Amino acid sequence: MTNGVPAPEVLPPSLRAWLGPIAALAALVVVVLGVLYAGQGEPGRVDRWIVQPTADSVRAPWRHVALATDFLGEPAGAATLVTAAVTGCLLLRWPRAAVFVAAGAGVPVATATLLKHLVGRTIHGAGNLSYPSGHTAFLTALAIVAALLATGRLGLGRTVGTSLVLAAALAAGAAMGWAQVALGAHYPTDVLGGWCTALAVTPATAWLADRTADRLADRLADRTADRTVDRMADAD
């Protein structure tokens, strides 16, 4: 509840019909790329066509921009962003959104980490698992979370809301993806995999957050009703 008005769901109902197929398509891309590059330690044809990903040739001042962007996906930078977003949600008295921020940013990263070990693609040696990019998954997921919350809070319609989600995901994914490739940390297809991981996992996390919050609210309401009945019975 926010000022007596029920807080909006973190996955706006108007977006479910569109985000579902998008998430499914993104998951398919993640799987296909994972199968294609499983166990490899060299750039693929698509990677070579885009850029030589091991060159690490970006120079100042763009190198500083790439490093600053990369920092947002590091533990310290990511924790700062998530903490600020969670704090903002709590100040707005929207605890469901605060939980979603934490889960929406954490679950895609955990998924990317699991996929790295399953796929086993490497860059710069056997110890550097690269597919999919966790940095790209994180920043893309956080952008999607922000767009979903803005859509629900502002009551945006299906077209505008979906456009906002996709634009935010594209902007964040492009920025972090460029930084990762420019610094030689990932192949371009790793970045695409990380971006699609966020697109696939974040809407599902939002749906689960809503379902969990609704169930907890129903249980609380049932307990409150039971206590009220008990009090009335005692009064009689």
Side-chain angles (χ1 to χ4, degrees), residues 26 30 33 41 43 47 50-91 97-117 119 121-150 164-202 205:
V30 172
L33 290 177
D47 300 313
I50 297 174
V51 67
Q52 180 60 34
T54 58
D56 195 14
S57 59
V58 65
R59 297 288 183 261
W62 289 109
R63 181 173 179 79
H64 300 306
V65 176
L67 288 171
T69 305
D70 175 75
F71 173 75
L72 298 178
E74 293 294 316
T80 300
L81 290 176
V82 171
T83 299
V86 168
T87 301
C89 292
L90 293 177
L91 290 175
V99 172
F100 174 49
V101 167
V107 173
V109 173
T111 303
T113 301
L114 176 61
L115 287 172
K116 283 183 178 182
H117 288 87
V119 174
R121 191 187 195 189
T122 59
I123 188 171
H124 307 318
N128 300 309
L129 297 173
S130 67
Y131 180 87
S133 167
H135 281 61
T136 306
F138 166 75
L139 198 63
T140 302
L142 194 61
I144 293 173
V145 167
L148 287 174
L149 296 182
L164 177 62
V165 170
L166 294 179
L170 182 60
M176 183 59 80
W178 165 80
Q180 296 306 298
V181 174
L183 294 172
H186 283 283
Y187 305 114
T189 44
D190 295 336
V191 167
L192 177 58
W195 188 69
C196 288
T197 297
L199 277 176
V201 174
T202 309
T205 305

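Heads up: numbering here begins at 1 and tracks the sequence. All figures in this text were calculated on a predicted structure; none of them were measured in a lab.
- Heavy-atom minimum distance, F100 versus L148: CZ-CD1, 3.9 Å.
- The salt bridge (charged side-chain N to carboxylate O under 4.0 Å, His left out) analysis of residues 127-140, with sequence neighbours excluded, yields no pairs.
- H124 places a side-chain N or O within 3.5 Å of a backbone atom of G184 that can act as its donor or acceptor partner.
- Counting only distance, with no hydrogens or angles, the side chain of Y131 and the backbone of V30 share a donor-acceptor pair below 3.5 Å.
- With contacts defined as side-chain heavy-atom distances shorter than 4.5 Å, the pair R63/L183 qualifies.
- Closest approach of A26 and A200 over heavy atoms only: CB-N, 4.0 Å.
- Side-chain atoms of T87 and L91, non-hydrogen and from C-beta on, do get closer than 4.5 Å to each other.
- Heavy atoms only, all atoms of each residue included: W62 and W178 are closest at O-CH2, 3.5 Å.
- The structure places CG of N128 at 8.0 Å from CD1 of I123, a figure rounded to the nearest 0.5 Å.
- The side-chain heavy atoms of L139 and W195, taken from C-beta on, include no pair separated by under 4.5 Å.
- Smallest separation of non-hydrogen atoms from A98 and V86: O-CG2, 3.7 Å.
- Listed by first and then second residue, the salt bridge (charged side-chain N to carboxylate O under 4.0 Å, His left out) pairs that reach into residues 183-201 are R121-D190, sequence neighbours excluded.
- Under the 4.5 Å side-chain criterion, counting only non-hydrogen atoms from C-beta, L33 is not in contact with V119.
- Counting only residues at least two apart or in different chains, side chain to side chain donor-acceptor pair (under 3.5 Å) contacts with residues 136-149 comprise S133-T136.
- By the side chain to side chain donor-acceptor pair (under 3.5 Å) test, T111 pairs with no residue at all, sequence neighbours left out.
- Considering all non-hydrogen atoms of both residues, I144 and A198 come closest at CD1-O, 3.9 Å.
- Between F138 and V82, some side-chain heavy-atom pair lies under the 4.5 Å cut-off.
- Listed here is the closest heavy atom pair of T197 and P132: OG1-CG, 3.8 Å.
- Residue pairs meeting the salt bridge (charged side-chain N to carboxylate O under 4.0 Å, His left out) criterion with at least one partner in residues 103-116, sequence neighbours excluded, do not occur; the list is empty.
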Should T69 and V65 be marked as a side chain to side chain contact (heavy atoms under 4.5 Å, CB included) after you check the CA-CA gap, both sets of side-chain angles, and the distance that decides it? CA-CA 6 Å; T69 305; V65 176; 4.3 Å; yes
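- Screening residues 69-79 for salt bridge (charged side-chain N to carboxylate O under 4.0 Å, His left out), with sequence neighbours left out, gives no hits.
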